[in-house]
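Below is one structure, written out as structure tokens, with a few remarks after it.
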Amino acid sequence: MSYALVDCNCFYVSCERLFRPDLEKKPVVVFSNNDGCIIARSEEVKAMGIGMAIPFYQVREYVDRRDLYAFSSNYALYGDISARVMSVLEEMAPQVEVYSIDEAFLDLQGMEAIKDLTGYGHKIRQRIKQWVGIPVGVGIGPTKTLAKLANYAAKRYAATGGVVDLHRPDWCSRLLPQVPVVEVWGVGRRSAEKLKAENIHTAADLALSDPDVMVRRYSVVLARTILELRGVRCLTFDVEAEAKQQVLCSRTFSSRITQLQLMQEAIREYAVRAAEKLREEQRLTQHVSVYIRTNPNARFEQKYRNAASCPLPSPTNDSRVIMKEAIRLLNMIYKPNYRYMKAGVMLNDLQPEKSYQTDLFTENLHTEQSAQLMNVLDKVNQRYSGALKFAGQGREQSWAMQRNLLSPSYTTSWQAIRKVMA
DNA sequence: TCTGGGGTCCTAGGACCC
DNA sequence: TCTGGGGTCCTAGGACCC
């Protein structure tokens, strides 16, 4: 049995380059919302020694001098390109698990006829490059964790040509001692530091450690990782996306908020957006949380963070109910005289819209009338991109995020498509 | 001056039940 | 002097992922 992990190389950068071929081989970065910090770097940028999550102001000079080409993140574009990559994969493998916007696991069961899995990997790379234009790396192994590790090697070592199959025993025994333990999937910075103190430095060291001991000292997650590194499958393969258990909408403001009224606007906006996502998922929530915070990094400012949450009497996905509850929660935790940086609305205790339990003794919030109204609202907003708003979401939205370096919506906006074709 | 957003899983501890 | 045992559910927080 085999898994392959296909991962797009610096995906957001590759998407921007699709429409700017002049930026091939040039240093390119993509920034987070509000152009806050770097979330994707081209190889050239990595070579310049510019790290991940570096804030914009630290590299502004480079951008101004044109030593660095910068873009705001354009999720509409990346989502569209991602779907194209995934559909190519679905034609090439029996089972595909879309793991994130830029990577997918393939279950190669039933493909035993293919003797040369490395060759198959190269075919995948070639086809995605040719049909979509995105470079990818392919890692193959008997477990997901090993496929991930193979993918790491495929990207790191140019001689592999972007494909590594860890079924070959010589590869496995050569690679694992060379991989720092923090690069293993499931081992984060915290655990890596702790492991180092125990003299576990590489993937090979970790694979040799005793899972029964480590489960007590760390967690079952780490114990599973150890077994996976040894070729024992512990993680499942899920073709169907699991239903979400939580929906969250949170944003950093473009400028600090110091007035309750503006904070209420923002919370209403996030509550409405969260409710929209909930309806896209065809689910209801029965638990609303709100959190607000100042800048935790500011050295000379008063810091404050707080959250409040409350169950709803019955499940709903009505924007009005969720918005009202969110504002009530906000008013409980808001304190004046702070410079707020970020806020969020979280919906928990989700259940399917189709088959939820009604309670005879409480008011039913998910009524036919509510469902119809929300349906109309969503249809209009899809057709006329957010034309309908609730009073109180704010018209100006001075706090709304900025994306000053945004590329045109090449694949979704007709004006941009015409420009490219001209 | 200045640092994203959206998730998952696991664990520990408290409340509560019989 | 002395106060059970076993269980579930909920929540907050940590760690990790992309």
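Remember, predicted model here, so these are calculated numbers, not experimental data. So you know, we letter chains A, B, ... as the sequences are listed, proteins then strands, and number each from 1.
Pairing partner, dC17(C): dG6(B), with both Watson-Crick or wobble hydrogen-bond distances short of 3.5 Å.
From Arg127(A), atom CZ reaches atom CG of Leu89(A) across 10.5 Å, with rounding to the nearest 0.5 Å. Note that SG of Cys15(A) and CG of Asp80(A) are 9.0 Å apart. Values are rounded to the nearest 0.5 Å.
Of the candidates dC17(C), dC2(B), dG4(B), the closest approach to any side-chain atom of Cys37(A) belongs to dG4(B). For Lys277(A), whose side chain is taken as the heavy atoms from C-beta onward, the closest listed nucleotide among dG7(B), dT3(B), dC10(B) is dG7(B). Closest to the Glu103(A) side chain, of the nucleotides dT11(B), dG5(B), dC18(C), is dC18(C). Listed nucleotides dT11(B), dT3(B), dC18(C) differ in distance to Tyr99(A); the shortest reach to its side chain belongs to dC18(C). Distances from the side chain of Gln246(A) to the nucleotides dT8(B), dG5(B), dC17(C) place dT8(B) closest.
One atom, OH of Tyr291(A), and another, P of dG4(B), lie 10 Å apart when rounded to the nearest Å. Rounded to whole angstrom, the span from the CZ atom of Arg293(A) across to the P atom of dT3(B) amounts to 10 Å. Counting to the nearest Å, the C1' atom of dC18(C) and the OH atom of Tyr78(A) are 15 Å from each other. Rounded to an integer number of Å, the gap from CE of Met52(A) to C1' of dC18(C) is 9 Å. For the pair Tyr75(A) OH and dG5(B) C1', the computed distance is 7 Å after rounding to whole Å.
Under 4.0 angstrom from either OP1 or OP2 of dT11(B) there lies no side-chain N or O belonging to Ser219(A).
Taking atom C1' in both dC17(B) and dG4(C), the straight-line distance is 14 Å, to the nearest Å.
Among the atoms of the strands shown, none is found under 4.0 Å from any heavy atom of Arg339(A). Note on Ser191(A): only backbone sugar-phosphate atoms sit closer than 4.0 angstrom, heavy atoms only; bases stay farther off. Here Arg224(A) lies in heavy-atom contact (under 4.0 Å) with sugar-phosphate atoms only. Within 4.0 Å (heavy atoms only), Met341(A) reaches sugar-phosphate atoms of the nucleic acid but no base atom. Counting non-hydrogen atoms under 4.0 angstrom, Val182(A) reaches nothing in the nucleic acid. Ser250(A) comes within 4.0 angstrom of the backbone, heavy atoms only, and of no base. Nucleic acid contact class of Lys148(A) (heavy atoms, under 4.0 Å, all strands): sugar-phosphate only. Residue contacts for Arg60(A): at a heavy-atom cut-off of 4.0 Å it reaches no nucleic acid atom on any strand shown. At a threshold of 4.0 angstrom between heavy atoms, the contacts of Gln245(A) are confined to the sugar-phosphate backbone, with no base atom among them. Contacts of Phe56(A) with the nucleic acid, taken as non-hydrogen atoms under 4.0 Å apart, are absent.
Arg224(A) and Thr145(A) form no side-chain donor-acceptor contact under 3.5 Å, judged by distance and modelled atom types alone.
Taking the six-membered ring wherever Trp is involved, the centroid distance between the rings of Phe105(A) and Trp185(A) falls below 6.0 Å.
Electrostatic pairing of Glu103(A) and Lys155(A) does not count as a salt bridge here, judged by no charged N lying under 4.0 Å from a carboxylate O.
The shortest side-chain heavy-atom distance between Tyr304(A) and Arg339(A) does not fall under the 4.5 Å cut-off.
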